Amino acid sequence: MITGGFIGAGLLLIAFNLRTGVASVGPVLSLIESGLGVSPATASLLTTIPVFAFGVFAFLTPSLSRRVGLHRLLGITMAAVAAGIGMRLIPSPITLFSGTVLLGAAIAIGNVCMPAAIKHSFASRVGLMMGLYSTALFLGAAAASAFTVPLASAFGGSWRAALAFWLVPAVVALLVWLPHSLRNTGHIRETKGVADGTEKLQTEPRLARLFRDRVAWSVTGYMGLQSLSYYAALTWIPTLLQDHGASAHVAGLMLSYSSFPAIAAALSAPILMRKSRRTWFPVAVTAALGAAGLTGLLVAPTGAAPWIWMTLLGLGQGGTIALSLSYIVLRSPDAQHTGHLSTMAQGVGYVVAGFGPLGLGLLHSTTDGWTMPLLALLLVLVLQFAFGASASRERYVLSNRPSRARRDEVRPGS
C-alpha cells in the first residue's frame, strides 16, 4: 500500500526536477554562445523559452488532469522533463531548442499540478508541505547552478553533456513516482489521510470566473513579478559576476550558494506568516531583503561583497517564492479552486515572467552595462510588494468570506 510519506517523498523528488533544466543553463551560457556562435540575447532564449512555456502550457493542465488524473499526469510530466533534457545531447540547434520547448511545457504542467496535489493530499499540512516544496525547488536550482560547470569540465568541456546530465534525477523521480501514477484510480479515495490523484469534479469552479476576481489577480500579479525577478537573476547574475572579474566556476557557485539562504527563508516563511500581526509584513520583509541584495550588486559587485549580496538576494527570493506559492493554496477553499487559481497565477504569471530574462538581456546589450538592468529589477520589487500586500489579505477567491487559512493551515509542524 502506498503511504502518505511515500507520496510526499515522490512529490518532493518531482519538485527537485522542476528547476534543474533551466537553472543549469545560466552558468554555461557563455560556453553556449561560443559553441553555437550566437549573441547573448539569442543564447538567453534557452532560459526565456521555458519561462514563456511555463505560462502558455499551464492552461492545458486542467483538461489534462481531468482526463488522466492529477498524479498520473505528474508521472507523464516527469517523463517529458527527462526527454526534453536528454534532447540536449543531440548536436543540433533545432533539437536543442525543441527540447527546451518540451522541457518548458512539461515543467509548466508540473508547476500547476503541484499546489493542487499538495492541497488535495496534505490539506492539514499545507504550511509544512509548501515549505518543503519550495525547498526542493531551490535544492534543484542550487545543484544545477553549482555542478553544471564542473560537469562540463569533467565531460571534456562539453556543455551539451553537462546539461543532459540532469535527466538522471528526472528519471529517478519518475521511477519513484511510477507505482503511484500507474494505479487505476477513477475517483477520489483516501489512503491513510492521503487523497488519491484523480479528481471527478461535480461542482468545479470555472477558470474564466477567476479572471474577474481581485484576489485572483493579486495572487497572479505577485506570482508573475516574483518569477520575473527570479528568472532574470537566474539567467544573468552569473554573467554580471563574470563581467566584474569572477570566473565562470565562482559565478556559478555564488548563484548556487544563494539557494541555501533561500531554503532557510522558504522554510521560515510559514512561521513568519503565522506570527505576523500584519499580513503584509512578510511581503515587505522579503521585498526589502531582495532590494538590499540588488542594491549591493549595483554599488559593490566585486571582491568578497557579492557573497553578502547573494545571501540577501537568496533570502528575499526564497521567502517570496514560498509566499507566492502559499497564497495560491491559502486563497483557495479547496483543491478544485487551488487547481484553477494555480493555472491562472502560473499561466499568466509566467508569461509575464518570460520578459524578465529577455528584457534584462536587451537592457544590458543596449546600455552595455548592468546599472539599468538592476534598477529595473528594483522597480519590479516595488510593484511586487504592492501585489503581494493585496494577496496577503485573508480572503478566498470568488468569495467575500474571510479566509481562515492563515491560522488553520499555515502550521510548519502540523
Side-chain angles (χ1 to χ4, degrees), residues 19-20 22-36 38-44 46-48 138-159 162-163 165-166 229-263 289-318 356-357 359-378:
R19 294 297 179 268
T20 55
V22 181
S24 58
V25 174
V28 293
L29 203 58
S30 58
L31 293 177
I32 296 172
E33 291 170 21
S34 58
L36 296 179
V38 297
S39 68
T42 301
S44 70
L46 291 172
T47 52
T48 303
F138 277 112
L139 283 174
S145 299
F147 296 120
T148 301
V149 171
L151 283 168
S153 299
F155 292 134
S158 172
W159 55 266
L163 294 179
F165 171 83
W166 298 103
S229 298
Y230 174 75
Y231 284 102
L234 190 70
T235 302
W236 289 111
I237 278 184
T239 304
L240 179 154
L241 294 171
Q242 290 176 58
D243 286 352
H244 287 93
S247 67
H249 180 59
V250 170
L253 283 177
M254 283 192 191
L255 184 63
S256 175
Y257 162 75
S258 70
S259 296
F260 293 98
I263 289 169
L289 288 168
L294 292 173
T295 302
L297 288 173
L298 179 63
V299 300
T302 59
W307 291 97
I308 300 173
W309 313 142
M310 295 306 289
T311 300
L312 294 171
L313 187 62
L315 289 169
Q317 288 179 335
L360 220 66
L362 290 174
L363 273 177
H364 173 54
S365 298
T366 302
T367 63
D368 196 27
W370 291 105
T371 299
M372 288 304 297
L374 290 173
L375 289 175
L377 288 180
L378 287 169

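Computed from a prediction, not measured in an experiment: that's the story for all the values here.
- Here the rule is side chain to side chain contact (heavy atoms under 4.5 Å, CB included) with Leu163, and of Leu151, Thr20, Leu46, Ile32 only Ile32 fits it.
- Taking OG of Ser229 as the reference point, atom CG of Leu294 lies at 7.5 Å (rounded to 0.5 Å).
- Listed by chain and number, the residues in a side-chain contact (heavy atoms from CB on, under 4.5 Å) with Ala23 are Ala141, Ala144, Ser145, Leu234 (sequence neighbours excluded).
- Partners of Ala305 by side-chain contact (heavy atoms from CB on, under 4.5 Å), not counting sequence neighbours, listed by chain and number: Ala300, Trp309.
- We find the OG-CG distance between Ser258 and Leu253 to be 11.0 Å, quoted to the nearest 0.5 Å.
- Taking all atoms of both residues into account, the shortest heavy-atom contact from Ala292 to Leu312 is CB-CD1, 3.9 Å.
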Between Leu375 and Leu298, is a side-chain contact (heavy atoms from CB on, under 4.5 Å) present by the stated rule, with each step listed? CA-CA 8 Å; Leu375 289 175; Leu298 179 63; 4.0 Å; yes

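- Taken to the nearest 0.5 Å, the CG atom of Leu313 stands 9.0 Å off from the CG atom of Leu377.
- Ser256 contributes no side-chain N or O that, together with a main-chain N or O of Gly252, makes up a donor-acceptor pair within less than 3.5 Å.
- With sequence neighbours excluded, no residue forms a side-chain hydrogen bond (donor to acceptor under 3.5 Å, both in side chains) with Tyr230.
- Distance check: Thr48 OG1 to Tyr231 OH gives 12.0 Å after rounding to the nearest 0.5 Å.
- Thr367 pairs by the side-chain contact (heavy atoms from CB on, under 4.5 Å) definition with Met372, Pro373, not counting sequence neighbours.
- Residues meeting the side-chain contact (heavy atoms from CB on, under 4.5 Å) test with Ser30, sequence neighbours left out: Gln242.
- Taking the side chain as every heavy atom from C-beta outward, Leu297 and Leu241 approach each other to under 4.5 Å.
- Distance check: Phe165 CZ to Phe155 CZ gives 6.5 Å after rounding to the nearest 0.5 Å.
- For the 3.5 Å distance criterion, the side chains of Trp370 and Thr239 fail to qualify, holding no donor opposite an acceptor.
- In this structure, Thr311 OG1 and Met254 CE are separated by 10.0 Å, a value rounded to the nearest 0.5 Å.
- Applying the side-chain hydrogen bond (donor to acceptor under 3.5 Å, both in side chains) test to residues at least two apart or on different chains, none of the pairs has a partner in residues 292-305.
- Looking at every heavy atom in both residues, Leu363 comes nearest to Ala376 through CD1-CB, 3.8 Å.
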Check the pair Phe260, Met310 against side-chain contact (heavy atoms from CB on, under 4.5 Å), reporting the backbone distance first and the verdict last. CA-CA 10 Å; Phe260 293 98; Met310 295 306 289; over 6 Å; no

